Each structure stands twice: as structure tokens, then as C-alpha cells.
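Here's the structure we're looking at; comments come further down.
If you're wondering where the values come from, they're calculated on a predicted model, not measured in any experiment. Side chains included, hydrogens not; waters and symmetry mates left out as well; all remaining heavy atoms used. Note that the numbering runs from 1 along the sequence shown for the chain. One-based numbering, in listed order, for ligands and for the atoms of each.
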Amino acid sequence: MTAFSTLTQLPASQLDNLREMGYDAMTPIQAAALPAILDGRDVRAQAKTGSGKTAAFGLGVLQQIDTTIYQTQALVLCPTRELADQVSNELRRLARFTRNIKILTLCGGQPMGAQRDSLVHAPHIVVGTPGRILDHLKRESLDLSQLRVLVLDEADRMLEMGFRDDMDAIIGHAPASRQTLLFSATWPQDIVAISARFQRDALAVSTEDVT
Ligand code: ADP
Ligand code: MG
């Protein structure tokens with residue numbers, strides 16, 4: 001069991017918040033991934049569902065955000081609306097002491113016009129599904145030119161669901177200097193290929209034996 005307080009990059013307010021959330025110690029994947037993530041490294045992480053992957057990338061995402069700059073600085077891609085909503089909720093809980101932060105969820109099945117209105121003042125963090133994110137990029141309602149961190153959550157499921165081309169196109173809109181975090185429950189060969197193409201010097205962490 002490793003305490004969150006060993007992560008010297010986390011402010012005291014976040015340590016208090018984690019304690020209030022009932023997060024007494026890091027889960028194994030958090031302990032393996034967070035030191036490198038908070039150092040700004042690219043990380044690819046494999047751990048089964050329910051192992052706390054959201055907070056592993058979420059704490060990294062929040063560290064990258066400068067709330068005084070009104071630009072989208074982080075994008076989290078998820079395979080489904082349900083998962084995007086769960087990620088947004090967890091990010092909001094983790095951001096409880098981050099004043100004035102704007103987090104927006106963008107998924108299909110919702111009116112495009114209302115989403116475009118919400119994008120007029122750029123959110124700091126966007127969480128969404130690949131198809132709808134790409135729609136906004138094509139229509140230029142979403143600007144990723146100032147993106148600092150890109151997260152591919154449940155990357156294996158996104159590939160299974162046929163989002164490979166959308167993911168490629170979206171990543172093409174992000175600056176090369178970004179941090180890229182890749183999370184997956186399984187580690188098939190095509191995820192290794194995605195990592196090789198889109199990450200730089202990625203640290204691979206796993207809480208299971210990779211087959
Ligand atoms: P995954 O993305 O790996 O499936 P989640 O991020 O959804 O897992 O986390 C699963 C559950 O574990 C959530 O209910 C979350 O609140 C909880 N959790 C995450 N990190 C911790 C922690 N360090 N201590 C206690 N509970 C945690
Ligand atoms: Mg998850």
C-alpha cells in the first residue's frame with residue numbers, strides 16, 4: 001500500500017480531497033503509473049476493470065491544466081457515452097478544489113447545436129466519444145491546438161468498436177508536444193501498434209502478466 005502523499009507533485013488540497021473521497025492509498029495501477037504520469041511522461045497502462053485507472057490518468061490531467069488559460073488543454077477519449085459520463089464525474093470529484101475549471105462531455109446522441117454553444121468558451125478538459133469529437137474538429141467548434149495531454153481510455157474497446165480511423169484523425173489535430181496516456185484492460189497487438197505510433201518513449205505498466 002503506497003500513500004498518495006508519496007507523490008510530491010500533488011498539492012495538499014488534493015491529498016485532503018482524496019482522503020475525503022475515501023481514497024486512503026493508491027491502487028496498484030495508480031502506484032505503478034502515477035509517478036511517471038505526474039513527471040509528464042507518456043504511459044501505457046494495463047489493468048483490469050475496477051482497478052482505479054480513471055484517477056491514475058485523472059490526477060495527471062488535472063496537473064496539466066492551467067485554469068487561467070481558456071483553452072482546451074486535455075482530451076479524454078472513451079468508447080461509450082456511459083464511460084465518458086463516468087470519467088467526467090470522477091474528474092469533477094478529483095477537481096473539487098480546482099477553482100473555475102470547466103469540464104465538458106461531448107458524445108453522440110445529443111444535439112450538436114447545444115454542444116457548439118458550450119464550446120464557444122473553450123472548456124479546459126473535454127471528455128467524449130471519438131465520432132462526436134471528430135465532428136466538432138471538422139466543424140472547427142473544437143480546437144486542440146493548445147492540447148497538453150491526450151488520454152485514450154479503454155483503448156482496446158475503442159478499437160473493437162471500429163474507432164481506429166476516428167482516433168487517428170483526432171490525434172492528427174493534437175500538437176506533437178503533448179503527453180499521451182493510453183489505458184486498456186487488455187493488451188492485444190493492435191494496442192501495442194497504437195502506442196508505438198502515438199506515444200513517445202512510453203513507460204509500460206501492467207498489474208497483470210501480459211500475454
Ligand atoms: P477502472 O477505470 O480501472 O475500471 P475506476 O477508475 O472506474 O476503475 O475505479 C473503480 C472504483 O474504484 C471507483 O469506484 C473508484 O471510485 C474507486 N477507486 C479508485 N481509486 C481508488 C483508491 N485509490 N482508493 C479507493 N477507491 C478507489
Ligand atoms: Mg475505466
For ligand 1, which atoms have a heavy atom of [X] less than 4.0 angstrom away?
{"X": "Ser51", "answer": "1 (P), 3 (O), 8 (O)"}
{"X": "Thr27", "answer": "20 (N), 21 (C), 22 (C), 23 (N)"}
{"X": "Thr49", "answer": "4 (O)"}
{"X": "Thr54", "answer": "2 (O), 5 (P), 6 (O), 7 (O)"}
{"X": "Phe4", "answer": "23 (N)"}

Given that the side chain starts at C-beta and the backbone is N, CA, C, O, which of these parts of [X] lies under 4.0 Å from ligand 1, counting heavy atoms, or is it both or neither?
{"X": "Ala25", "answer": "backbone"}
{"X": "Lys48", "answer": "backbone"}
{"X": "Phe183", "answer": "neither"}
{"X": "Arg93", "answer": "side chain"}

Aromatic plane relationship, Phe183 with Phe57 - under 30° parallel, 30 to 60° tilted, over 60° perpendicular: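 Rings of Phe57 and Phe183: perpendicular, as their planes differ by over 60°.
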Electrostatic pair Asp135-Lys138, nearest N-O below 4.0 angstrom: no
Glu90/Arg93 salt bridge by N-O under 4.0 Å criterion: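 Yes, charged N to carboxylate O under 4.0 Å.
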Considering heavy atoms of the protein only, find what lies nearest to [atom] and give residue, atom and distance to 0.1 Å.
{"atom": "atom 3 (O) of ligand 1", "result": "Lys53 NZ, 2.8 Å"}
{"atom": "atom 20 (N) of ligand 1", "result": "Gln30 NE2, 2.8 Å"}
{"atom": "atom 1 (P) of ligand 1", "result": "Gly50 N, 3.4 Å"}
{"atom": "atom 22 (C) of ligand 1", "result": "Tyr23 CG, 3.5 Å"}
{"atom": "atom 8 (O) of ligand 1", "result": "Gly52 N, 3.1 Å"}

Residue that, paired with Cys107, satisfies side chain to side chain contact (heavy atoms under 4.5 Å, CB included) out of Val127, Thr80, Thr129: Thr129
Shortest non-hydrogen contact between Lys102 and Ser118, atoms and distance: NZ-O, 3.0 Å
Verify same cluster id: Leu150, Leu62 (apolar side-chain graph, 4.5 Å): no
Protein non-hydrogen atom below 4.0 angstrom of atom 13 (C) of ligand 1 present: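 No, no protein heavy atom sits under 4.0 Å from atom 13 (C) of ligand 1.
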Polar proximity ligand 1 side, Asp24 side, N/O cut 3.5 Å exclusive: no
side-chain contact (heavy atoms from CB on, under 4.5 Å) partners of Asp117, counting only residues at least two apart: none
Gln86: partners by side-chain contact (heavy atoms from CB on, under 4.5 Å), with sequence neighbours left out: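 side-chain contact (heavy atoms from CB on, under 4.5 Å) list for Gln86, sorted by chain: Leu83.
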Sub-4.5 Å side-chain heavy-atom contact between Thr98 and Ile65: no
Side chains of Ser184 and Asp156, donor plus acceptor under 3.5 Å: yes
